[in-house]
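Structure record follows, encoded as structure tokens.
On a predicted model such as this, the values are computed, not experimentally measured, just so you know. In what follows, residues are counted from 1 in the order of the sequence shown.
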Amino acid sequence: MSVVLLLNGPNLGILGRREPEIYGTDTLADIEAAVAEEVGVQGWEVLSVQHDSEGDLVRAIHRHSGSTVGAIVNPGALMIAGWSLRDALASYAPPWVEVHLSNVWAREQFRHESVIAPLASGVVVGLGAFGYRLAARALLHLSRVAPDGPIGSPGAGSGRAN
């Protein structure tokens with residue numbers, strides 16, 4: 001059975017009641033179910049991990065890097081200065097997609113740069129919980145790309161930009 005790692009960072013465990021005007025009313029359990037529905041069509045399962053501390057997220061990446069086919073990562077505010085998270089993701093070989101519920105570029109200036117986005121196969125922002133579904137669909141697509149990828153495709157194989 002193929003497994004997708006669904007990794008959520010600080011404060012995402014309280015989705016649904018945390019600033020719903022920004023993050024929406026879907027809970028993390030709702031998001032987990034939506035991702036499971038999307039990847040279930042391929043017979044994949046979801047392993048959901050949420051931690052408020054960066055070290056626990058790093059350990060989860062290391063622990064599951066050899067047993068997952070890809071990851072959906074919402075680092076929360078760790079996108080700004082989560083250097084150890086970034087380094088752990090740099091060693092994660094399968095494709096992964098960074099997701100943010102809100103449009104980070106429409107918010108405070110300090111949220112406008114992600115230290116992990118340059119490593120991601122793709123980034124989905126500002127589409128609320130639906131963004132996780134899109135990230136799941138992207139992983140399904142990337143899994144169908146041959147090791148050398150279709151002609152002209154960026155980041156063929158890992159799904160990462162060259």
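Nearest heavy atom pair, residue L101 against residue A129, reads CD2-N, 3.4 Å. Closest approach of P95 to L139, counting heavy atoms only: O-CD2, 3.5 Å.
In this structure, CD1 in I72 is found 11.0 Å from CD in E32, a value given to the nearest 0.5 Å. Once rounded to the nearest 0.5 Å, the distance linking CG of D56 with CZ of R59 reads 4.5 Å. We find the CD1-CD distance between I14 and Q50 to be 9.0 Å, quoted to the nearest 0.5 Å. To the nearest 0.5 Å, atoms CZ (R86) and OG (S114) are separated by 10.0 Å.
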Which is it for R144 and Q42 under the side chain to side chain contact (heavy atoms under 4.5 Å, CB included) test, yes or no, and what are the steps along the way?
CA-CA 11 Å; R144 295 182 192 113; Q42 186 72 23; 3.5 Å; yes
Yes or no on side chain to side chain contact (heavy atoms under 4.5 Å, CB included) for V99 and V73, after CA distance, side-chain angles and deciding distance?
CA-CA 6 Å; V99 175; V73 179; over 6 Å; no
Would L15 and I31 satisfy side chain to side chain contact (heavy atoms under 4.5 Å, CB included), going step by step from the backbone distance to the final call?
CA-CA 9 Å; L15 287 176; I31 289 168; 3.7 Å; yes
Worked verdict on L127 versus L134 for side chain to side chain contact (heavy atoms under 4.5 Å, CB included)
CA-CA 9 Å; L127 300 175; L134 294 175; 3.4 Å; yes
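Under the 4.5 Å side-chain heavy-atom criterion for ILVMFWY residues, a single connected hydrophobic cluster contains both I22 and F130. Grouping the Ile, Leu, Val, Met, Phe, Trp and Tyr side chains by contacts below 4.5 angstrom, directly or via other members, places W83 with L89.
Remark: side-chain polar atoms of D52 are paired, donor with acceptor, to backbone N or O of N11 under 3.5 angstrom. Formation of a donor-acceptor pair under 3.5 Å by the E54 side chain with backbone atoms of S84 is found in this model. The backbone N or O of G70 sits less than 3.5 Å from a side-chain atom of Y92, completing a donor-acceptor pair. No donor-acceptor pair under 3.5 Å is formed between the side chain of E98 and the backbone N or O of N74.
For the side chain to side chain contact (heavy atoms under 4.5 Å, CB included) with H51, the lone residue among L7, L57, V58 that qualifies is L57. Results of the side chain to side chain contact (heavy atoms under 4.5 Å, CB included) test with W96 over T68, I61, I116 single out I116 as the only residue that passes.
Checked by atom type, the side-chain pair T27/D30 shows a donor-acceptor distance below 3.5 Å. Under the 3.5 Å distance criterion, with hydrogens and angles disregarded, a donor-acceptor pair is assigned to the side chains of Y132 and N8.
The closest side-chain heavy-atom distance from V39 to E45 is not below 4.5 Å. In this structure, the side chains of W44 and V69 come closer than 4.5 Å at one or more pairs of heavy atoms. Here the side chains of V46 and V3 are not in contact, with every heavy-atom distance at 4.5 Å or above. You'll find the side chain of P10 reaches within 4.5 Å of the side chain of L78, heavy atoms only. Side-chain contact check for L140 versus V41: some heavy-atom pair is nearer than 4.5 Å. Between V124 and V97 the shortest side-chain heavy-atom distance falls below 4.5 Å. Between L47 and V4, the closest side-chain pair of non-hydrogen atoms is not below 4.5 Å.
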